[in-house]
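Input: a single structure, listed below in structure tokens.
Just so we're on the same page: letters track the sequence lines, and every chain starts at 1.
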There are 2 protein chains.
Amino acid sequence: MRKRVTLKDVAQAVGVHVSTVSRALDPKTRHLITPEIADRILKASERLDYRPNAAAYSLKTKRTRTIGVIVPDITNPIFPPIIRGVEDALADQGYFAILANTDGKAGREAAIADTLLWRGVDGLVLASVERHDRLVERLLAEAIPIVTVNRRVEREDIASVVHDDRDGMRRVLAHLADLGHTRIANIAGPQSFSTGRERYEAFESVRAALGLDPDRRLVVFASGFNEDEGERCTAELLDGGVPFTAIVCSNDRLAIGAIAALRQRGLACPDDVSVTGYNDMPMLDRLFPPLTTIRIEQYQAGAMAAELLVEMIEEAPEHRKPRHIVLPVELVVRGSTAPPSPARNAARPKGRGRKAAVSENPAAG
Amino acid sequence: MRKRVTLKDVAQAVGVHVSTVSRALDPKTRHLITPEIADRILKASERLDYRPNAAAYSLKTKRTRTIGVIVPDITNPIFPPIIRGVEDALADQGYFAILANTDGKAGREAAIADTLLWRGVDGLVLASVERHDRLVERLLAEAIPIVTVNRRVEREDIASVVHDDRDGMRRVLAHLADLGHTRIANIAGPQSFSTGRERYEAFESVRAALGLDPDRRLVVFASGFNEDEGERCTAELLDGGVPFTAIVCSNDRLAIGAIAALRQRGLACPDDVSVTGYNDMPMLDRLFPPLTTIRIEQYQAGAMAAELLVEMIEEAPEHRKPRHIVLPVELVVRGSTAPPSPARNAARPKGRGRKAAVSENPAAG
DNA sequence: TTGTAAGCGTTATCAC
DNA sequence: GTGATAACGCTTACAA
């Protein structure tokens, strides 16, 4: 591990003082230096392969050029693209990311934020916020630059990058209505998250706008965005006895669970019930059936969040104005949606005989 | 952002000198301090919520307690669990990870390593190495602690955590042989990676040991671990005209491509051809058919790699002895493998009529 | 056992 | 324009 070259080494090589070198190397102060000397300094630092010492820089400036990224769980496939977006955008600006997983536990989240702050991160990208988030309140109080991505908190003064959930839900319902569905169920996500909430609200308002059957019993709320909840909610829907021909799910994993639950009851997707997801996570096109869903720009969202954050960090605190970005979404039609089959519906399945009526099969498998 | 409390503040509060505080706070030097005073210092630092300044610590000690993690692409589902393992284990030891993606480009890899080193990482976890790796050579020359995970380089002096590929391949082939397969094809991974190489070598040696048909034409080499290559290689296998009833793939993504290619030719898995994957990435159980594969302990591998690395970092350089860890694997039998159907095989498909003989369908769809 | 002081590599505030 | 100098917060000989 060869000794690292410092400002002093460069100064010695050129025959000037370190402070001169420091000024010459910083574009903001270079104009203070005689161009000819500045040039020689630049050349020498190049030749010696000088790299500023990050620790010394941080100690002096109180800035680390490091930002923390807090996600629930990197293992959940919607986060990696976001993280890559964040990292790539940060790298472009000479920043680094430190990643931390909360596993959705608020206590852990607070502890993690503490550690990151102590470590001196300049700001935080939060992919794990709830609509009313204690951690965000605290960070706001301490004036730490933050931006939320994917989800947002219900405050205008916190910067965010999210996707157009209302438009997404509108596209899903329009697609289903186009196919001829009128009795459409909804597995809504947890209402403590902005995504769960907004998709649910959009479902209700769009459903009304399209003149679809507004039966309240066709909505059931999942307590988490996962396959198990998708199964449970679907069972609940089927047991409710209210007929429907399609299920709109608040995310892909709920949809995967829904399809599994239907299959357990001897119901086929999309033959008996159409199912839609949300997020377009990887591998969805390889499932059986391939899932119709809403594609969101995860990478782009991460990248923009990082840009927003760096902007805030480099802005003087008093000029910081939290920006909000809403990214467009896209409908991806695949095999899990089809026109409702006239002779069938979920509550009164008929057909190939291998199917059982819901009433004969009250409990989930 | 309230002012941070420093050693000086604690010293002032207790009425001693900073150096005394520093010593009292470090378990290694605490014995030098009068217990009673040490106690008061500990209490005060607790009360004031003292946090050591990471930059100052690094500047002084040249250690950052940060390690770099280089992966090809975090978006590839086998990496997130590894990364979580690394991060969790590091967190336990008071270290942090900075993540970087190379996208498999050697040039980018070198640049990234440079940046990380300049940033002062204490060591590196490499999940992206080739069997003969230039970057590793360079890091070795500079005496940077490194450990490779998942893959390894062909040098005994580089610490590594890998999985037992020979045993995995043995289990796969034994399973297939048990089912009655004798003509088994292999889509081998890139031979520049230890995984691709070792799985291929194990395939050959186990195939011989089990007395299976050793036809060389039943092996084809993928140039990447992805679905497209799986499709291409399967087409090549089918076009080769040598009959087989099963395809062993070097990873899951190749297997997914293989199944797609079979379907394009009107061949069903596992009815006509059994297919196996390797890695057990997420969602495999939701595919159609669910994929039989080898499960590897990704999280555990990441965690052990991190522990190994920290151990090396904290060891005096002259005592560093690279350790090699090989983790056990497990066979997961799902729906993509079945006994060979006597009337059928890939080269002479018969059956439901919707199938076409290979010779009628020479090119991939 | 504790205090003193130097120094890690930078940037910022002075003088000159 | 450039150089000297202090300071960021910490660790660590060395002195007391």
Side-chain angles (χ1 to χ4, degrees), chain A residues 1-42 44-45 48-66 94 117-120 122 314, chain B residues 1-42 44-45 48-66 94 117-120 122 314:
Chain A
M1 202 170 350
R2 66 188 185 285
K3 191 180 156 298
R4 293 208 7 191
V5 2
T6 70
L7 274 189
K8 205 198 273 181
D9 299 318
V10 179
Q12 222 146 36
V14 181
V16 294
H17 196 265
V18 282
S19 53
T20 310
V21 177
S22 175
R23 284 188 274 252
L25 259 27
D26 183 348
K28 288 186 191 61
T29 50
R30 189 167 310 156
H31 65 275
L32 297 171
I33 307 292
T34 313
E36 194 245 332
I37 298 207
D39 192 57
R40 274 169 51 209
I41 292 175
L42 253 15
S45 95
L48 298 178
D49 193 28
Y50 165 75
R51 308 292 181 83
N53 178 305
Y57 172 86
S58 297
L59 180 56
K60 191 66 195 173
T61 61
K62 316 226 161 293
R63 307 240 329 260
T64 55
R65 300 188 79 81
T66 300
L117 289 178
W118 154 66
R119 193 56 171 53
D122 294 337
E314 302 194 338
Chain B
M1 200 171 349
R2 66 185 185 287
K3 190 180 157 299
R4 292 207 8 193
V5 3
T6 70
L7 274 189
K8 204 197 274 181
D9 298 319
V10 180
Q12 221 146 38
V14 181
V16 295
H17 195 264
V18 283
S19 58
T20 310
V21 178
S22 173
R23 285 189 272 254
L25 259 25
D26 182 348
K28 288 185 189 64
T29 49
R30 189 167 315 160
H31 65 274
L32 298 171
I33 306 294
T34 314
E36 194 244 333
I37 299 209
D39 192 56
R40 274 170 50 210
I41 291 175
L42 254 14
S45 94
L48 298 178
D49 194 26
Y50 165 74
R51 309 292 180 84
N53 178 306
Y57 172 86
S58 297
L59 181 56
K60 190 67 197 172
T61 62
K62 317 224 158 296
R63 307 241 329 259
T64 55
R65 299 187 81 82
T66 301
L117 289 179
W118 156 67
R119 193 58 171 51
D122 294 338
E314 301 193 338

Among dT11(D), dT2(D), dT10(C), the nucleotide that comes nearest once only the side chain of Asn53(A) is considered: dT10(C)

Nearest-angstrom distance from the residue atom NZ of Lys8(B) to C1' of dC8(D): 10 Å

Donor-acceptor pair, side chain of Thr34(B) and main chain of Glu36(B), under 3.5 angstrom: no

Phosphate OP1/OP2 of dT12(D): any Tyr57(B) side-chain N/O under 4.0 Å: no

Nearest-angstrom distance from the residue atom CG of Leu59(B) to C1' of dT10(C): 8 Å

Leu7(B) CG to dT12(D) P, straight-line distance once rounded to whole Å: 12 Å

pair Leu25(B)-Leu7(B): side-chain heavy atoms closer than 4.5 Å: yes

dA6(C) OP1/OP2 closer than 4.0 Å to side-chain N/O of Lys60(B): no

Nearest-angstrom distance from the residue atom CD1 of Ile37(A) to C1' of dG3(D): 12 Å

Along DNA chain C (nearest heavy atom to each residue), the more 5'-positioned of Val18(A) and His17(B): His17(B)

Touch class at under 4.0 angstrom, heavy-atom based, for Arg51(A) against every strand present: sugar-phosphate

Between P of dT1(C) and CD of Glu36(B), the distance in whole Å: 13 Å

Nucleic acid contacts of residues 20-35 of chain A, taken as heavy-atom distances under 4.0 Å to DNA chain D: Thr20(A), Arg23(A), Leu32(A), Ile33(A), Thr34(A)

Any donor-acceptor N/O pair, Thr64(A) side chain to Gly120(A) backbone, under 3.5 Å: yes

Selected nucleotide, minimal atom distance to Ser19(B) side chain, candidates dG3(C), dG7(C), dG9(C): dG3(C)

Length of the line joining Ile41(B):CD1 and dC10(D):P, which is rounded to integer Å: 14 Å

Sugar-phosphate, base or nothing in reach of Lys62(B), heavy atoms under 4.0 Å: sugar-phosphate

Any Val21(A) side-chain heavy atom under 4.5 Å of Tyr50(A) side chain: no

Heavy-atom side-chain contact between Thr66(A) and Asp122(A) under 4.5 Å: no

Arg65(A) side-chain N/O to Gly94(A) backbone N/O, donor-acceptor pair under 3.5 Å: yes

Atom-to-atom span, CG of Asp39(A) to P of dG1(D) - whole angstrom: 17 Å

Donor-acceptor contact present, side-chain Arg23(B) to main-chain Ile33(B), <3.5 Å: no

